[in-house]
Amino acid sequence: KEKVEITKEQQALMKIITDAYNRHQIPQDVAKKLLQDQYSAEENFLLLTEMATSQVQVLVEFTKNIPGFLSLDREDQIALLKGSAVEAMFLRSAQVFSRKMPSGHTEVLEERIRKSGISEEFITPMFNFYKSIGELHMVQEEQALLTTVTILTPDRPYVKDQQAVERLQETMLDVLRKLCVLQHPQEPQYFARLLGRLTELRTLSHYHTEMLASWRMNDHKFTPLLCEIWDV
Ligand SMILES: Cc1cc(OCc2c(-c3c(Cl)cncc3Cl)noc2C(C)C)ccc1-c1ccc2c(C(=O)O)cn(C)c2c1
């Protein structure tokens, strides 16, 4: 039985990333709005847009705390953020559902997503993904590292120095692999299951492009930040 051990440096790396992941959350006043305003499709879309905008800001702040990220080429930093934003946000919103937010928030959030002009063909895979993430019962370190691995995907469009990104991602994958073995000793395939979710995320990201197109067709407006990061 191979002895898996997380080194001191890896421990430190994991702490930096997990603290950053927990520190950068959607502000309570934005999350609280979920419970207040009305339930029209218009109102839901506006609320979700506000949350997505806030989530992108949170994501940018989190990414700056990933050791080594700021040493990457500046344009590559932007390319990584643009290329991974939707996936990181799906991961985050999935974790919100599996974490069971304060009383009723989860149901309200689900209701608003289901009634925001997203067609059924995208709602089903989205909530299947939420369920599959929930079933993993990830600890917060795994959630933070999985998000980091997603952001550090080398083959995003327009990334120039893919090797530099690959080196960073491999460092994170090594910690995540060890953590999975230590956290889920009875499930040797757990790490492979986690990485399987990243494949599901790519599919969701393609659906998301179509979701955006259909919202635009119905003349829905996005915020400048979302327009920039999603090229809408
Ligand atoms: C739950 C959601 C949705 C969201 O985006 C909403 C959207 C999406 C879309 C969709 Cl529906 C589902 N998943 C990912 C995308 Cl990105 N696609 O377009 C839009 C807008 C522009 C209409 C953005 C952010 C959150 C979100 C994330 C974290 C938290 C959180 C916490 O961390 O504690 C507490 N609350 C209330 C959160 C809400």
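Ligands are counted one by one from 1 in listed order, and the atoms in each one are counted from 1 as well. Numbering starts at 1 and runs along the sequence shown. Bear in mind the structure is a predicted one, so any value in this text is a computation, not a measurement.
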Residue [X] vicinity, atoms of ligand 1 by number, heavy atom under 4.0 Å:
X: Phe45; result: 22 (C)
X: Val96; result: 28 (C), 29 (C), 30 (C), 31 (C), 32 (O)
X: His208; result: 8 (C), 16 (Cl), 17 (N), 18 (O)
X: Arg92; result: 28 (C), 32 (O)
X: Gln55; result: 24 (C), 27 (C), 28 (C)

Sub-4.0 Å heavy-atom approach of [X] to ligand 1:
X: His220; value: no
X: Leu34; value: yes
X: Trp230; value: yes
X: Tyr130; value: yes
X: Trp215; value: yes

Spell out, yes or no, whether Phe69 and Ile78 are grouped together once hydrophobic residues are joined by side-chain heavy atoms under 4.5 Å, including indirect joins.
->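 In one cluster: no.
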Is Leu47 reachable from Leu35 through a run of hydrophobic residues whose side-chain heavy atoms are each under 4.5 Å from the next?
->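 No; Leu47 is not reachable from Leu35 via cluster members.
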Does Glu187 come within less than 4.0 Å of Arg193, counting only side-chain N to carboxylate O?
->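 The answer is yes: the pair qualifies as a salt bridge.
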Give a yes or no on whether a salt bridge exists between Asp29 and Lys32, defined as a side-chain N under 4.0 angstrom from a carboxylate O.
->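 Salt bridge absent between Asp29 and Lys32.
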Report the relative orientation of the aromatic rings in Phe45 and Phe222; use parallel for angles under 30°, tilted for 30 to 60°, perpendicular for over 60°.
->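 Answer is perpendicular, since the angle exceeds 60°.
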How about Val165 and Leu80: do any of their side-chain heavy atoms sit closer than 4.5 Å?
->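 Answer yes - side chains close enough.
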Heavy-atom distance under 4.5 Å between the side chains of Phe90 and Glu200, does that happen here?
->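 No, side chains not in contact.
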Contact list for residues 209-218, test side chain to side chain donor-acceptor pair (under 3.5 Å), sequence neighbours left out |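 As it turns out, there is no side chain to side chain donor-acceptor pair (under 3.5 Å) pair with a partner in residues 209-218 once direct neighbours are skipped.
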Side chain to side chain donor-acceptor pair (under 3.5 Å) pairs, two or more places apart, involving residues 61-88 |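 Matches after skipping sequence neighbours: Arg23-Asn65, His24-Asn65, Glu61-Lys64, Asp73-Lys160, Arg74-Gln77, Glu75-Lys160, Lys82-Asp231, Glu87-Arg156.
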Distance-only polar pair, side chains of Gln95 and Tyr21, donor-acceptor under 3.5 Å =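 Side chains of Gln95 and Tyr21: pair found under 3.5 Å.
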Proximal candidate to atom 15 (C) of ligand 1 [heavy atom criterion; set Phe122, Phe90, Tyr21] |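 Nearest option to atom 15 (C) of ligand 1, by heavy atoms: Phe90.
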Decide whether an N or O pair under 3.5 Å exists between [X] and ligand 1.
X: Thr49; result: no
X: Ser93; result: yes
X: Gln25; result: yes

At under 4.0 Å between heavy atoms, which part of Leu109 makes contact with ligand 1: side chain, backbone, both or neither?
->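 For Leu109, only side-chain atoms sit under 4.0 Å from ligand 1.
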